[in-house]
Amino acid sequence: VKQFVEDERSLIKTPYDVQANNQEHDSPTSTHQIGSVQHGSPCFVYTLAFFSALGGFLFGYDTGVVSGAMLLLKREMNLSSLWQELLVSITVGAAAVSSLAGGYLNGLYGRRICILLASFIFSAGGIILSVAHNKEVLLCGRLTVGLGIGIASMTVPVYIAEVSPSELRGQLVTINTLFITGGQFVASVVDGVFSYLPHDGWRYMLGLSVVPAALQFLGFLFLPESPRWLLQKGDTQNARLVLSRIRGGVNVDEEYERIRSSIEEEKIDAGEGPVLWRILTFAPTRRALIVGCGLQMFQQLSGINTVMYYSATILQMSGVQDDQMAIWLAAATAFTNFLFTLVGVWLVDRVGRRKLTLGSILGTAVSLMVLAAGFLLSAQASPPVTFHPNDPSLHNSTCITYGLCESCMLNPDCGFCYGKNGTVVIESSCMPVDAASTEAAAAGRCSNGTQESLGVFWAYNYCPTSYSWIVLLGLILYLAFFAPGMGPMPWTVNSEIYPLWARSTGNACSAGVNWICNVLVSLTFLHLAQCLTYYGAFFLYSSLALLGFVFVVGCLPETKGLRLEEIEPLFGRQLCSCGAGGSQSVHYIRVNGGNYRSDEDVTDDE
Ligand SMILES: O[C@H]1[C@H](O)[C@@H](O)[C@H](O)[C@@H](O)[C@H]1O
């Protein structure tokens, strides 16, 4: 530590620093031009962003890997559907709880310790999962990784935002979401590869997350704390050293002074009592919290995780019969999500957060309508049940009571067994699904292993249709619109809209809202589909996305290019009147230490 401090001290005295100081004094405008400050080489900042975003990778990997692992686990451990559901949702539930707790830990111990803690928890969870010998230990492992995901999901964007120069901030925080979708893609490839192993493939799937987790842990042993957090805690010397290190010595004094004076001003705003109470009772932070939580809520309510989770089914509807093929096509879906998030990284600091989010959510709503229309047309053309097998073992089954493939498919206990004459469906029946696998019927022509020889097909969760191309089109459009904007922007915007004193708690609340809505949407999708059918469910998501569009039009100000300290004033105006891109032309002044007002409205006396 001593050596580190010495090194850092010598860094301050570099010619760079002298040059920076001179420049600053020569140029009277340098502290007031929005986004005009040129920083030194961002190499170190990229390194910081990479190691932090490994947290995003683990978030994506651990949420994505479970669907493939479950296919093997349910066979090897004989899991009931309740246990399968438990193993999937306990992770998301734990993430919701720990993201909320993460706010407190972040404020108290700092971003770096929280990232170290999350990577330690991820490693421990990975180890528990890979050596698990029964389902209870598995559950404990899934709960552990969930705790890691929650802390990482709220800490990493905050850390990256706080160490980035303003002109790169959007891009660097969005890289975290790129890593989330990258993690989901890698997980689907790992699932595909290890699904060929006859035994224990799931141990590798679940255990491999230890590698990036350990890498992040080791990396963060050597990486610094956020200078903003250090300054807030009064550790001025280290804050100055770290800032100098991450800026390569350029413009350090200016940034240091700006953060320091903003912390001083914030002390006046912050008031007394618990942070959440102070956020709620101070208008600008209350508005920021509504915007942050609203964005996270609409991200999940527009159904990303059902689309990802059911992509295999959607693709099966498009005519892919083979299960192994469906796994690989689900990997293609995850890759598309990743690819379009890359577009978001490229766009965010060019077009700005507001335009990107608006275009994305509108496109998402339209794509959901296309998806719904595809499902609607498929349902209308749903083939009827024409063959009723006379098997006494089926007499108690509800499956044989359905008259259409559509209703048969919506019952998770049933599947559709049919023959083909050219493209026409013939001799179709609705049969109970095999208890061990959804790949075959419990009895009759479509029971295990006999389909091919009898020339019949088994459709679980979908109906044979000629409109599947519309559904496929909807899926691709959905990912193309959602991934660049609605995927990353809620995380990016939340990392920058709160003042320092409210940042940990604000992000904890909004991340909590994200995880709670995630659980809600995933747990209700099947019931929703049963009550409203697939097209009803997707029309509902589409309407929610449209509602989100209205919310974004009214409430999301542009934060592109602004320094973190310049963003709070944007929320000094009434909520839902922060118009498009106003930040570049309107200047705000804090009046008498209270609310911000546009400088045009403030009199000289004030
Ligand atoms: O931003 C991410 C990303 O879009 C992921 O693909 C999704 O699974 C997460 O729920 C979301 O928070």
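Note that ligands are numbered from 1 as they come in the structure, with each ligand's atoms numbered from 1 the same way. Just so it is clear, the values below take in all heavy atoms, side chains as well, and ignore hydrogens, waters and symmetry mates.
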When you check the side-chain N and O atoms of [X] and [Y], is any donor under 3.5 Å from an acceptor?
{"X": "Thr155", "Y": "Asn106", "value": "yes"}
{"X": "Ser153", "Y": "Trp515", "value": "yes"}
{"X": "Asn305", "Y": "Ser522", "value": "no"}
{"X": "Arg111", "Y": "Ser52", "value": "no"}

Could you give the distance from CG (Leu206) to CG (Leu138), rounded to the nearest 0.5 Å?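 Here the interatomic distance stands at 7.0 Å.
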Look only at the side chain of Glu558 and the backbone of Arg354, and say whether a donor-acceptor pair between them is shorter than 3.5 Å.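 Yes, Glu558 side chain to Arg354 backbone: donor-acceptor pair under 3.5 Å.
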Short N or O separations between ligand 1 and the protein, below 3.5 Å:
unit_1: ligand 1; atom_1: 1 (O); unit_2: Gln299; atom_2: NE2; d: 3.1
unit_1: ligand 1; atom_1: 1 (O); unit_2: Gly487; atom_2: O; d: 2.8
unit_1: ligand 1; atom_1: 1 (O); unit_2: Trp491; atom_2: NE1; d: 3.1
unit_1: ligand 1; atom_1: 6 (O); unit_2: Gln184; atom_2: OE1; d: 2.9
unit_1: ligand 1; atom_1: 6 (O); unit_2: Asn337; atom_2: ND2; d: 3.1
unit_1: ligand 1; atom_1: 8 (O); unit_2: Gln184; atom_2: NE2; d: 2.8
unit_1: ligand 1; atom_1: 8 (O); unit_2: Asn305; atom_2: OD1; d: 2.7
unit_1: ligand 1; atom_1: 10 (O); unit_2: Gln300; atom_2: NE2; d: 3.0
unit_1: ligand 1; atom_1: 10 (O); unit_2: Asn305; atom_2: ND2; d: 3.0
unit_1: ligand 1; atom_1: 12 (O); unit_2: Gln299; atom_2: OE1; d: 2.9
unit_1: ligand 1; atom_1: 12 (O); unit_2: Trp491; atom_2: NE1; d: 3.2

